[in-house]
Each structure stands twice: as structure tokens, then as C-alpha cells.
*Asks:* 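Before anything else, here's the structure in question.
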Amino acid sequence: MKRTKIAALLSADGPREQIIVKGWVRTRRDAKDFSFLEINDGSCLANIQAVVDADAKGYEHIKDMGTGASVAVTGALIASPGKGQAWEVKASEVELIGGADQDTFPLQKKRHSDEFLRAIAHLRPRTNKFGAAFRIRSELALSVHRFFQDRGFFYLQSPIITGSDCEGAGEMFRVTTMHPGQPLGPEGAKADFFGKEANLTVSGQLSAEPFALALGDVYTFGPTFRAEPSDTARHAAEFWMVEPEMAFADLTDNMDLAEDLLKHCIRDVMERRAGDLELFAKWVDTSLMGTLEKLVADPFERIPYAEAVEILRKAPKSFEYEAAFGKDIQTEHERYLAEEHFKKPVIVYDYPKDIKAFYMRQNEDGRTVAAMDVLVPRIGEIVGGSAREERLDRLEARIAEMNLNMECYDWYLDTRRFGTAPHAGFGLGFERLVMLATGVTNIRDVIAFPRTYKHLEF
RNA sequence: UCCCCGGUAGCUCAAUCGGCAGAGCGUCUGACUGUUAAUCAGAAUGUUGGGUGUUCGAGUCACCCCCGGGGAGCCA
């Protein structure tokens with residue numbers, strides 16, 4: 001007989017004579033002649049309670065079915081005579097599949113600190129919180145795909161290994177088959193696997209642009225790598241990014257898309273993983289549901305960078321860094337705008353060209369580019385994007401002005417030489433979306449096995 | 001890389017002025033109960049992160065190192 005998942009059993013509309021449940025024991029309560037087993041199989045947050053009488057087959061092993069042990073319970077699904085649950089399993093047989101020594105099994109039937117659980121990342125998905133977090137993460141990933149599929153976007157798999165050192169979005173990880181001691185540098189690179197320097201991608205954008213200018217609307221969704229020595233709760237060396245790119249689109253289309261995407265994903269999680277979300281609303285961030293409901297219901301604020309700077313300069317609050325036109329908006333500024341001033345997501349657009357990338361479309365004022373960042377409460381920047389400079393002469397001029405190597409971009413410039421078209425896109429940090437949806441404040445707690453500066457465990 | 005905080009039992013933490021290392025939870029044993037993080041009684045559990053120094057005496061003070069957390073910078 002096949003096992004039935006607990007999520008299905010708990011939503012049953014009637015009793016069933018014969019079922020089998022397989023999962024991990026969360027806790028056991030013994031009476032004189034019978035025991036209660038709380039079993040979780042990961043299919044949902046809730047456990048199912050099994051009642052095992054002393055005459056059930058296999059009861060002699062009940063003492064070994066402690067917290068963490070894996071078991072199979074065969075029996076009938078019945079309406080529970082006890083309070084606290086609608087359904088329970090009246091066991092006719094229990095089987096110990098894998099024991100868990102109670103003296104050494106690290107998870108206890110009580111709350112643990114996030115710090116402790118990070119040290120046992122291979123076991124933490126067995127906790128309520130991390131089980132819920134990773135079910136929500138899965139739901140969000142599917143939600144991203146549904147969103148784009150519904151809008152006629154094509155899913156592009158952009159390369160992970162790049163030979164271009166021109167992506168310009170941050171420090172890169174070197175990819176090599178050279179052994180320690182073999183020469184690196186330009187000479188060594190010729191003898192390396194690709195015959196040139198290779199790196200892990202920091203962005204799929206340069207791949208996505210040519211495909212947008214062919215398939216119309218595309219998006220990438222995959223791993224991204226940054227070798228920045230960032231040591232914060234919001235950065236990882238390996239993370240996932242969603243990067244849509246639209247042909248015949250401008251900055252307003254781009255802002256609309258970003259706002260719609262965020263709202264769609266949050267709405268999906270609220271509808272489809274309500275049970276898991278409740279855990280976070282109750283234990284992690286009591287204001288979570290209010291934040292999410294507001295995010296879904298209200299239009300995001302949209303303000304030009306210059307206006308944002310004015311708001312910051314007039315703010316009844318002193319910042320460590322002074323806000324001024326031409327300077328980057330600092331983390332403290334982002335948080336002030338999203339958390340205190342507007343109290344909702346804010347899209348800041350039209351940034352000074354000197355603090356933004358070469359490919360962003362130059363505005364007619366001569367000093368700003370059509371860039372936009374979406375700032376959300378608690379997390380700060382979650383989306384960064386722009387209209388792309390589609391005019392060949394303007395783009396070349398900008399590359400020259402910024403002292404970049406024109407040769408690097410030759411193939412990229414071809415897209416502007418032949419049938420160029422206005423286009424726009426952005427990058428959404430996927431982990432930050434998971435953090436937004438759950439209220440989790442550390443990126444390491446929404447990644448299965450996080451890779452961060454000076455940390456590569458598991 | 002910089003600033004701040006921390007490291008004591010399996011986990012979360014306490015330990016007064018430098019003076020016998022503790023509690024709760026968990027675990028184990030027993031009792032009891034259609035129980036709900038069950039309850040009651042009892043038991044076991046320590047290189048106080050590592051090192052050096054000061055002192056009659058260091059968990060506590062000084063210095064160095066290691067590890068963890070928070071914040072900043074960089075960014076998604």
C-alpha cells in the first residue's frame with residue numbers, strides 16, 4: 001500500500017479504513033497501555049496524531065520512536081474523539097524505520113535559536129519554521145514562473161559560466177581546471193579549459209537582452225554569484241535572481257511589471273500557503289499580515305530620485321550619511337523612505353547617471369538615467385532595473401566616457417546596430433522576496449545551504 | 001574590511017565586589033492520564049571557546065587568537 005501524505009489526510013472529507021502514514025516523530029506521549037505519536041512528513045506544517053494501543057503490531061518498539069525517528073503507521077483514519085484535531089490515525093501497526101538516539105539528536109521538541117539551527121542546516125528543515133520557509137520558497141518560485149507564463153514571457157536559461165568580464169555587477173568567482181601551483185593570470189588562462197579567463201555569472205542580463213530583442217519578452221531565473229566580501233543578513237555569495245527583459249518597453253512598463261510581479265507572488269503565497277504563513281505571522285513578525293495585505297492592496301509610491309533626496313534632506317531625522325543629489329541612497333535612507341515616510345513599497349527612479357551602470361538609458365536632462373529601484377520595508381532594495389540604452393551612439397559614448405573596454409561589448413553593441421529597439425528589464429533578488437513574504441530577517445535562513453563570505457559548510 | 005555585542009550542561013540562559021559552577025527546558029527512570037510543547041516524583045550531565053598573564057584564589061580582570069550574532073560599506 002502506498003503512503004498517504006499528511007496534508008491529504010488532514011483535509012479528508014471522511015474516515016478511511018486503511019491508510020499508511022510515513023514520517024518523522026515530533027513527539028510521543030505515553031499512557032499506561034497506549035501512546036500518542038505526533039508525526040510530520042513535511043507535506044504541510046501540521047502533524048497528524050496517531051493513537052497506538054499496546055496490542056498494535058510493533059508496539060514493543062514504541063520506546064525507540066522518540067523525537068526525530070522515522071516511522072510508518074498503518075491504521076484507520078478516524079474522526080478524533082479528543083480535542084485539538086479533526087482527524088487522527090487509529091494504528092493497527094507501527095514500524096520503526098530509522099531511530100534517532102535521544103541523547104545525541106540535536107532537535108528537541110521546543111524552540112531553538114536560528115543561530116543554533118544554522119549550525120545544523122542539514123536537520124533544520126525538520127523544524128516547523130524551516131519546513132514552512134522552504135515550502136513557501138518553493139511556492140514563490142512556481143509563482144514567479146506562473147506570472148511570466150501568463151503574460152507570454154519565455155523562460156530563458158542564461159549561462160552560469162561566463163567568459164565576459166564585462167558584466168560589471170560585482171566581483172566574480174573564477175572558474176578554472178588549473179591545479180594549485182599552475183600559473184594563473186593572462187598566460188595561464190590560455191592553457192586553461194576555455195583558453196581564457198572564465199567566471200561565474202553575476203547577472204543574466206546581457207544574455208537576456210538579445211533574446212528580448214528576438215522573442216519579445218523573456219525572463220531568466222537561476223543562480224547568480226557574487227564574490228563580494230559582504231557580511232550582512234541580506235547578502236549571499238550564491239543566490240537566485242529573476243531577470244525579466246521586455247522589448248518595446250520603457251521605464252514605466254518596467255515599474256508596472258515589477259509592481260505586478262511582487263503583488264502576484266505575495267498574493268499567491270497568501271492564498272496557497274496560508275498555513276505556513278501563519279507561523280511567520282505568529283512567531284517571526286507579528287505585523288507580517290498587515291504589511292503583506294497593504295503591499296498587495298495599495299499602489300506602490302513612485303518618486304524621482306531627486307524628490308527622494310529632497311524628502312531625505314527634510315526628514316525630521318539625522319542620518320549617518322547625508323543625502324545629496326549625486327550620492328547613493330544609503331541603507332538607512334531606503335529604510336526611512338519605505339518604513340517611515342511612505343510606510344509601503346517605494347519605487348525610486350531617474351537616478352544620476354554617474355552612480356549607475358553604462359547600459360542604462362540616458363534621459364534628456366543629460367544628468368540622469370532611466371533606472372529604478374523598488375524599496376520595501378525592512379529589506380530595502382529588492383528590485384533594481386532600468387530602461388536600456390538602445391541608441392548605438394549614446395551607448396558607445398557612455399562606454400567610452402566610463403573608460404570601459406569597447407571590444408568586450410562588441411557583440412552586445414550588435415543588438416543596437418541591427419534592429420535596435422527600446423527595451424527594459426530588472427533584477428529581483430529571489431531570496432529577498434522570500435524574506436519579504438515570511439518576515440525572516442536573515443538571508444541564510446531562506447537558503448537551504450547558504451554560501452556566504454568565509455562560510456561554505458555542508 | 002570597520003564598529004558594537006556575545007561564547008558557561010544537549011538547548012536557552014543565570015552566577016552580586018575576584019571566593020564551593022546553577023536554573024528552566026530536553027534526556028533517562030518510575031508513576032499517572034484521550035494526551036495536546038501533557039502532568040507529578042527522582043536521576044545523570046561541565047576542558048565556563050583556546051592560550052598566556054595578574055592573583056593566595058579567575059566563569060569574572062588584562063592581552064592575543066578562534067568562533068557566533070547585530071550594524072555599516074558593497075549590492076540583489
Side-chain angles (χ1 to χ4, degrees), chain A residues 26-38 46-53 63 66-68 78-85 88 90 100-120 127-128 168-171 201-205 221-243 258 283 319-321 328-335 355-357 373-376 379-385 426-436 441-447 452-455 457:
Chain A
R26 280 298 170 76
T27 177
R28 188 185 76 233
R29 293 180 289 273
D30 294 321
K32 196 173 210 168
D33 297 315
F34 62 98
S35 297
F36 295 101
L37 283 181
E38 292 266 348
N47 306 323
I48 197 160
Q49 170 169 291
V51 184
V52 190
D53 282 328
K63 288 282 180 210
T67 304
I78 61 167
S80 177
K83 287 174 187 165
Q85 61 281 316
E88 67 181 27
K90 178 81 178 160
D101 176 25
Q102 296 300 294
D103 285 334
T104 51
F105 182 61
L107 292 175
Q108 303 172 1
K109 50 183 176 186
K110 62 172 220 170
R111 293 185 71 186
H112 287 290
S113 65
D114 291 335
E115 294 79 16
F116 173 68
L117 292 172
R118 265 170 229 156
I120 51 167
T127 63
N128 287 339
E171 290 298 312
T201 183
V202 292
S203 165
Q205 182 194 324
F221 184 11
T224 308
F225 306 87
R226 301 274 168 92
E228 303 280 353
S230 302
D231 200 3
T232 81
R234 302 181 304 281
H235 292 86
E238 176 181 327
F239 63 99
W240 280 55
M241 195 151 60
V242 179
E243 295 183 283
W283 301 108
F319 296 111
E320 193 181 333
Y321 295 87
D328 259 324
I329 293 187
Q330 303 290 322
T331 299
E332 58 180 341
H333 301 149
E334 294 176 352
R335 297 192 60 162
I355 59 171
K356 287 291 182 183
D373 285 353
V374 180
L375 314 178
V376 294
I379 291 163
E381 183 181 346
I382 192 168
V383 165
F426 60 80
L428 163 70
F430 183 63
E431 280 77 10
R432 292 188 181 174
L433 176 62
V434 182
M435 291 164 77
L436 176 68
T441 52
N442 195 310
I443 197 167
R444 282 167 280 182
D445 296 335
V446 297
I447 297 176
T452 58
Y453 185 58
K454 298 293 183 196
H455 293 276
E457 318 296 332

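Note: hydrogens, waters and symmetry copies are ignored here, and every other heavy atom, side chains too, is used. In what follows, every chain begins at residue 1, and chains take the letters A, B, ... in the order their sequences are listed.
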*Asks:* Are any protein N/O atoms closer than 3.5 Å to N/O atoms in nucleotides 12-14 of chain B? If there are, list each pair with its distance.
*Replies:*
from: B/rU12; atom 1: OP1; to: A/S113; atom 2: OG; distance (Å): 2.8

*Asks:* Test of understanding: with side chain to side chain donor-acceptor pair (under 3.5 Å), list the residues that count as partners of A/E243, not counting sequence neighbours.
*Replies:*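 Expected list: A/S203.
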*Asks:* Using OP1 and OP2 only, check whether a side-chain N or O of A/T232 sits under 4.0 Å from B/rA72.
*Replies:*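 Indeed not, no polar side-chain atom of A/T232 lies that close.
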*Asks:* Please identify each residue that fulfils side chain to side chain donor-acceptor pair (under 3.5 Å) with A/T104, with sequence neighbours left out.
*Replies:* A/D101
*Asks:* Could you spell out the base pairing of RNA chain B in dot-bracket, with Watson-Crick or G-U pairs whose two distances are under 3.5 Å, [ ] crossing and | to another strand?
*Replies:* (((((((..((((.....[..)))).(((((.......))))).....(((((..]....))))))))))))....
*Asks:* Partners of A/F426 by ring-ring contact (aromatic ring centres under 6.0 Å, His included), sequence neighbours excluded?
*Replies:* none
*Asks:* Not counting sequence neighbours, which residues clear ring-ring contact (aromatic ring centres under 6.0 Å, His included) with A/H455? List them please.
*Replies:*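 A/H455 satisfies ring-ring contact (aromatic ring centres under 6.0 Å, His included) with no other residue.
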*Asks:* Between the protein and nucleotides 39-42 of chain B, are there any N/O to N/O pairs under 3.5 Å, and if so, what are the atom names and distances?
*Replies:*
none

*Asks:* List the residues meeting side chain to side chain donor-acceptor pair (under 3.5 Å) with A/T27, not counting sequence neighbours, and say none if there are none.
*Replies:* A/K109
*Asks:* Using a 4.0 Å heavy-atom cut-off, does A/F426 contact any base of the nucleic acid, only the sugar-phosphate backbone, or nothing at all?
*Replies:*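 Nothing: the residue A/F426, judged by heavy atoms under 4.0 Å, touches no strand.
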*Asks:* If the cut-off is 4.0 Å, is A/R29 near the phosphate of B/rA38, judged by side-chain N/O to OP1 or OP2?
*Replies:* yes
*Asks:* Reckon A/Q108 touches a base, only the sugar-phosphate, or nothing at all at heavy-atom distances under 4.0 Å?
*Replies:* base
*Asks:* Considering residues at least two apart in sequence or located in another chain, which fulfil the salt bridge (charged side-chain N to carboxylate O under 4.0 Å, His left out) criterion with A/R444?
*Replies:*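 In terms of salt bridge (charged side-chain N to carboxylate O under 4.0 Å, His left out), with neighbours along the sequence ignored, A/R444 is linked to no residue.
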*Asks:* Checking side-chain polar atoms at under 3.5 Å, does A/R234 have a donor or acceptor matched by the opposite partner on A/N442?
*Replies:* no
*Asks:* Under 3.5 Å, which protein N or O atoms sit close to an N or O of nucleotides 45-49 of chain B? Give each pair with its distance.
*Replies:*
none

*Asks:* Of all residues at least two apart in sequence or in a different chain, which pass the ring-ring contact (aromatic ring centres under 6.0 Å, His included) check with A/F319?
*Replies:* A/H333, A/Y336
*Asks:* Excluding sequence neighbours, so at least two apart, what forms ring-ring contact (aromatic ring centres under 6.0 Å, His included) with A/F225?
*Replies:*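 Counting only residues at least two positions away or on another chain, A/F225 forms no ring-ring contact (aromatic ring centres under 6.0 Å, His included).
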